[in-house]
Amino acid sequence: MAKILANDGIDPVGKALLERAGFTVDTQNIPQDQLASRLNEYDAITVRSATKVRKELIDACPNLKLIGRGGVGMDNIDVDYAKSKGLAVVNTPASSSLSVAELVFAHLFTGVRFLQDANRKMPVEGAEKFNDLKKAYTKGIELRGKTIGILGFGRIGREVAKIALGLGMEVLAYDLYEFNPEVELSFMGASKVKLYVKVATKDELLKNSDFISVHTPAVDKPEIGATEFALLKDGAFIVNASRGGVIDENALLAALNSGKIAFAGLDVFENEPKPLEALLKHPKISLTPHIGASTNEAQERIGTELANLIIDFFKK
Ligand code: NAD
């Protein structure tokens, strides 16, 4: 039976599904520079975002039949080349959307109540410093009643919209392609509610949003650079949990430092795993190390979906 290398790990539920179906699953993490000489003994490799499966690796491993990506973005895989060589390439696009959307709100709630700064500065010295710090955070704001602009209205963008609508926010959405503005919210134990986002142009969204969340794919040229920052409302907040490079980081720093925008939440960076130090130390930036999909629930869904895709492929 086929042998799978889960090089960036796989949820135990997915591993168990594969093993029950008769596959051998190896979860050792082979370093990138050793993969070319060792991957050929496997029939399939699964990766998350860390391991790269480039043309040279594909050429070095003619026994490989399938590349599986646990998650959405395939920018670490030479997909077209793999397919041209007859390999199957599969991913699990929807499994993590809700977790990424919730992380967006973790950043937004952090920003409106200064948690990124308060966490770093809470004094151990006692009452006097505590009270000084308290005075620094008196201008918090609520999300309810504010406008969020969602740039890229795909799977994650729609989940962000549902949470925003549930919180009583107004939602502006922009996508390259026409989309259905209807969003269905289902609350536990209650019936479903249909709500609508407002379809906007990119400029309308940038000019009229208090908060902006970016959910477009990886690109060569940033979606948000100096020109776009200039259009934003003064004091706007921005979150990027899509891909590094979608927001121009130098333009972002300039907009924060000039006071044009009030806050940024970043889960992804142009240089991963070593983001710019100016971002890491900035008091107005909330940071997470690319953990959008890192919840127990998302990982279980990803592992299960990936296992089923692999089982279906090798059954054929
Ligand atoms: P998706 O394909 O469902 O949605 C992306 C949407 O963006 C599509 O509707 C597309 O039409 C639109 N789009 C593309 N280019 C655009 C542009 N220039 N302007 C406006 N809209 C544009 O993808 P998704 O599953 O919602 O994922 C969105 C992003 O989140 C991707 O970059 C993905 O890699 C990233 N992601 C990040 C994490 C994380 O851990 N932070 C996890 C999963 C996905």
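Each ligand, and each atom within it, is numbered from 1 in the order the structure gives.
Contacts of D175 with ligand 1, taken as heavy-atom pairs under 4.0 Å, involve both backbone and side chain. For I156, heavy-atom contacts with ligand 1 shorter than 4.0 Å involve the backbone as well as the side chain.
The shortest contact between atom 23 (O) of ligand 1 and any protein heavy atom is with R155 NH2, 3.6 Å. The protein heavy-atom contact nearest to atom 14 (C) of ligand 1 is P217 CD, 3.2 Å. The protein non-hydrogen atom at the shortest distance from atom 41 (N) of ligand 1 is D267 OD2, 2.9 Å. In this structure, the protein non-hydrogen atom closest to atom 21 (N) of ligand 1 is L176 N, 3.3 Å. Nearest to atom 35 (C) of ligand 1 among the protein's heavy atoms is S242 O, 3.4 Å. Scanning all protein heavy atoms for the shortest distance to atom 18 (N) of ligand 1 gives E223 OE2, 2.8 Å.
The shortest N or O to N or O distance between I291 and ligand 1 is not below 3.5 Å. Polar contact with ligand 1: absent for S96 (N/O pair, distance under 3.5 Å).
F237 and F263 have tilted rings, their planes meeting at an angle from 30° to 60° on a 0 to 90° scale.
Connectivity analysis of hydrophobic side chains (ILVMFWY, heavy atoms under 4.5 Å, direct or indirect) links L87 to L5, I30, L35, L39, Y42, I45, V47, V53, L57, I58, L64, I67, M74, I77, V79, Y81, V89. Members clustered with V13: none, using a 4.5 Å side-chain heavy-atom cutoff among hydrophobic residues.
Atom numbering of ligand 1 starts at 1 in the shown order; those under 4.0 Å from a heavy atom of Y174 are 19 (N), 20 (C). Near A293, meaning under 4.0 Å from any of its heavy atoms, are these atoms of ligand 1: 40 (O). For ligand 1, the atoms sitting less than 4.0 Å from at least one non-hydrogen atom of V100 are 38 (C), 42 (C), 43 (C), numbered in the order shown with element in parentheses.
Residue-ligand proximity: G71 is placed with every non-hydrogen atom at 4.0 Å or more from ligand 1.
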